[in-house]
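One structure is given below, encoded as structure tokens.
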Amino acid sequence: MSNIKIAIASDHAGFSLKEELVLFLTGKGLTPGNFGAFSAESADYPIYAKKLCINIQNCEFDCGILVCGTGLGMSIAANKFKGIRCALCSEPVSAVLAKQHNNANVLALGARIIGADMAKAIVGAWLGAEFSGARHEIRLRMISGFEGGGE
Ligand code: RB5
């Protein structure tokens, strides 16, 4: 796990949890790329979703975590980016399946929905899981076909 290049970003609502997750990831031997926000001052979540997703698209990072109040805005924004498969999770079972079945390369979390311990459990579960491939690969290719407005 320690060679995964992971990025993390938040808006103001997710700032505090994001900082806790930076420490959590560092404790796991990772060096997360922190794309802000860097304070709890009001900030627009799409700006931070964009920064993180572009860095994943450019292969600067393998995967990312986005934190806002509910996780909803971040996940909606992230899923507009080609090649990004963002899963909003509030418990670890979904996080494992988001990797196994959906190969989610971005995890969205809601800082106003879950606590820090739950967020860490979700992140740990997601990072520890592996994509199952096979039939799921075929389905993800179908989804990729929708990018750019496919049928
Ligand atoms: C900010 O107040 C809030 O709207 C944002 O953090 C997020 O929950 C949006 O989906």
Side-chain angles (χ1 to χ4, degrees), residues 1-132 136 139-140 143-144 146-147 149:
M1 190 197 286
S2 59
N3 54 0
I4 297 173
K5 288 191 284 175
I6 187 161
I8 190 162
S10 74
D11 67 356
H12 58 291
F15 167 69
S16 169
L17 177 58
K18 186 256 294 171
E19 291 300 300
E20 264 203 61
L21 290 175
V22 167
L23 294 178
F24 175 72
L25 293 167
T26 306
K28 289 197 167 297
L30 299 169
T31 310
N34 188 346
F35 287 93
F38 296 107
S39 81
E41 248 176 71
S42 185
D44 299 323
Y45 61 81
I47 293 171
Y48 297 94
K50 182 178 177 181
K51 280 186 197 178
L52 182 137
C53 290
I54 284 177
N55 272 276
I56 293 174
Q57 285 181 325
N58 293 344
C59 301
E60 298 293 331
F61 290 88
D62 302 315
C63 60
I65 298 170
L66 290 168
V67 192
C68 65
T70 57
L72 288 166
M74 285 293 201
S75 59
I76 290 168
N79 280 316
K80 298 290 181 193
F81 288 82
K82 193 171 181 190
I84 299 298
R85 293 173 302 278
C86 178
L88 168 59
C89 296
S90 297
E91 35 69 35
V93 176
S94 297
V96 169
L97 288 167
K99 181 68 76 62
Q100 289 179 340
H101 289 198
N102 313 114
N103 202 14
N105 52 6
V106 176
L107 183 66
L109 300 171
R112 292 173 177 161
I113 307 297
I114 55 169
D117 286 346
M118 179 57 81
K120 288 172 196 171
I122 292 167
V123 169
W126 178 63
L127 288 176
E130 278 184 26
F131 180 45
S132 305
H136 303 294
R139 291 165 185 163
L140 293 187
I143 295 174
S144 299
F146 301 156
E147 287 171 338

N/O donor to acceptor pairs below 3.5 angstrom from side-chain atoms of residues 92-104, sequence neighbours left out:
{"unit_1": "Ser94", "atom_1": "OG", "unit_2": "Glu91", "atom_2": "OE2", "d": "2.3"}
{"unit_1": "Lys99", "atom_1": "NZ", "unit_2": "Trp126", "atom_2": "O", "d": "2.9"}
{"unit_1": "Lys99", "atom_1": "NZ", "unit_2": "Ala129", "atom_2": "O", "d": "3.4"}

Rounded to the nearest 0.5 Å, the CG atom of Asn105 sits from the CZ atom of Phe61 at a distance of 13.5 Å
Minimum heavy-atom separation for Ala116 to Glu20, with atom names? CB-OE1, 3.4 Å
Would the distance check show the side chain of Asp62 and the main-chain N or O of Ile6 forming a donor-acceptor pair, the cut-off being under 3.5 Å? no
Within this structure, what is the OG-CG distance for the pair Ser42 and Asp11, rounded to the nearest 0.5 Å? 8.0 Å
Exam field: side chain Gln57 to backbone Gly83, donor-acceptor pair closer than 3.5 Å: no
If you take all heavy atoms of Cys86 and Ala78, which pair is closest and at what distance? CB-CB, 3.8 Å
Using 0.5 Å steps for rounding, measure from the CZ atom of Phe35 to the CD1 atom of Ile54. 10.5 Å
Interatomic distance, CZ@Arg85 vs CD1@Ile143, rounded to 0.5 Å, equals 8.5 Å
Nearest heavy-atom approach of Leu88 to Gly110 is CD1-N, 4.4 Å
Is it true that, when you exclude Asp44 itself, more than 12 heavy atoms of the residues, nucleotides or ligands shown sit nearer than 6.0 Å to its CG? no
When you compare the side chain of Leu21 with that of Lys120, does any pair of heavy atoms fall below 4.5 Å? yes
If you define the side chain from C-beta out and look only at heavy atoms, does anything of Asn34 sit under 4.5 Å from Lys18? yes
Would you say Met74 and Leu109 make side-chain contact, with heavy atoms under 4.5 Å? no
Check whether any side-chain heavy atom of Phe81 lies under 4.5 Å from a side-chain heavy atom of Lys50, and answer yes or no. yes
Taking the side chain as C-beta and beyond, is there a heavy-atom pair between Cys89 and Leu107 under 4.5 Å? yes
Kindly indicate whether the side chain of Ile84, heavy atoms from C-beta on, has any atom under 4.5 Å from the side chain of Leu52. no
Quick one: CD1 on Ile65 to OG on Ser10, what's the gap to the nearest 0.5 Å? 11.5 Å
Closest heavy-atom contact between Tyr45 and Cys68? CB-CB, 4.4 Å
So, taking the atom named CG in Asp117 and the one named CD1 in Ile122, what distance separates them when rounded to the nearest 0.5 Å? 11.0 Å
